[in-house]
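So the structure is just underneath, and the comments pick up after that.
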Amino acid sequence: MKHLKSILLVAVALLVTVGLSAKPKIRIIATGGTIAGISTTSASSAYTAGQVGIQTLLDAVPQILNLADISGEQLVNIGSQDMNDEVWLKLAKRVNELLNKEGYDGVVITHGTDTMEETAYFLNLTVKSDKPVILAGSMRPSNAISADGPANLYNAVAAAVSPKCRGIGVLCCMNNQLLDAKTVIKTHTIDCDTFEGGPSGIIGYIYNGEAHILQTPNNKHTKESVFDVSKLEKLPKVGIVYGYANASALPMQAFVDAKFDGIVLAGVGDGNFYKDVFEVAVKAQNKGIQIVRSSRCPTGPTCLNSEVDDEKYHFVAALNLNPQKARVLLMLALTKTHDWKEIQEFFLEY
Ligand code: DGL
């Protein structure tokens, strides 16, 4: 009996030791971008994105092995200017599978910075987990002097293992900063400090391998989201029309002729149209093509029933979403409803 007791005690001690020392399981999904880019010479700004594979990215920052039990997979290897609905659907389904069926504690996605904000917001609306999902990229290619990719990847893993990053939606991690999926925006074409968090600012930062959260988002996301892509093989077609003085109505008309399901206006000021474009927009809405008014202005909401009587025309106001994110929400909203009032409600909530 005494012998059995000693065996049990050793077994319990081993389990506790293994339990305490087990690192979080983090999966890194690579999609390409500058972080995987190669420049002609380390000092040159001429480069091609999406050239090196996931293992090269992981080998460049072995310190992540101190933070987590790391494994990786290559989903695609593209410049994110080529990101598309097919990759979005694959990525969302794969993240949900990793977090809900394969027991991972978090996911890091390496991604180009050009459309990172759109992918982050799409995942914010379609990931069904409160575990951390962190996107990371870089503004300098992998072989550049002072490449920023390895540090961004290290910080993204540090965020992914942090309990503070649970339940606050999908985040982007760039230049030591954490930015939430709804407000993150690329603001500079070449600066490493290109990402900002809009009027509400960054959501937190990473310092010395620790995540520090300053604020939490108040919009619906991830597990609270009604949008489910698990059975979707394609997404509704939504285009964006840019507004400017004396704007041509041809782009808007082209989307109507191509039977798009929705059209977002990157309007002037508070989401206003040039008169010729306005006429086509009204006809489009009457044909059942949902019009969403957003703005080309970098900050400020596009307000409901301001200079445009949305109630009268059944247009939706994008509120705090810029055109590229309004497009993401409209695509997913159209998988649930074509009712303009219900879609407007989604813009209030997400
Ligand atoms: N081709 C751009 C992209 O993949 C490069 C920008 C970057 O990743 O920093 O988004």
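In listed order, ligands and their atoms are each counted from 1.
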Item to check | Heteroatom proximity flag, T115 to ligand 1, N/O under 3.5 Å | outcome: no

Item to check | atom 10 (O) of ligand 1 [closest protein heavy-atom partner, distance rounded to 0.1 Å] | outcome: S80 OG, 2.5 Å

Checklist entry - Of all the atoms in ligand 1, which lie at a distance below 4.0 Å from a heavy atom belonging to G112? => result 3 (C), 4 (O), 8 (O), 10 (O)

Next on the checklist: Distance under 4.0 Å to a non-hydrogen atom of G79: what atoms of ligand 1 satisfy this?
Outcome noted: 4 (O)

Checklist entry - Considering the options D114, T194, T115, which one meets the side-chain hydrogen bond (donor to acceptor under 3.5 Å, both in side chains) requirement together with K186? => result D114

Checklist entry - Counting each atom of ligand 1 from 1 as listed, which ones have a heavy atom of T34 under 4.0 Å away? => result 5 (C), 6 (C), 7 (C), 8 (O), 9 (O)

Checklist entry - Below 3.5 angstrom, do we get any N/O pair linking D114 and ligand 1? => result yes

Item to check | Taking atom 1 (N) of ligand 1 as the reference point, the nearest protein heavy atom with its distance | outcome: Q81 OE1, 2.7 Å

Next on the checklist: Assess, by modelled atom type and distance only, whether the side chains of N143 and S39 contain a donor and an acceptor separated by less than 3.5 Å.
Outcome noted: yes

Checklist outcome for this item: Distance col, row S225:OG vs L329:CG, nearest 0.5 angstrom, shows 9.0 Å

Checklist entry - For the side chain to side chain contact (heavy atoms under 4.5 Å, CB included) test, which of I263, L330, V238 pairs with Q290? => result L330

Checklist entry - Are W88 and L99 connected, step by step, through hydrophobic side chains (Ile, Leu, Val, Met, Phe, Trp, Tyr) whose heavy atoms are closer than 4.5 Å? => result yes

Item to check | Aromatic centroids of F315 and F273 separated by under 6.0 Å | outcome: yes

Checklist entry - More than 12 non-hydrogen atoms from neighbouring residues, nucleotides or ligands closer than 6.0 Å to OH on Y244, yes or no? => result yes

Item to check | Atoms of ligand 1, numbered as shown, that sit under 4.0 Å from any heavy atom of Y47 | outcome: 5 (C), 6 (C)

Next on the checklist: Any nitrogen or oxygen of S138 lying under 3.5 Å from a nitrogen or oxygen in ligand 1? Just yes or no.
Outcome noted: yes

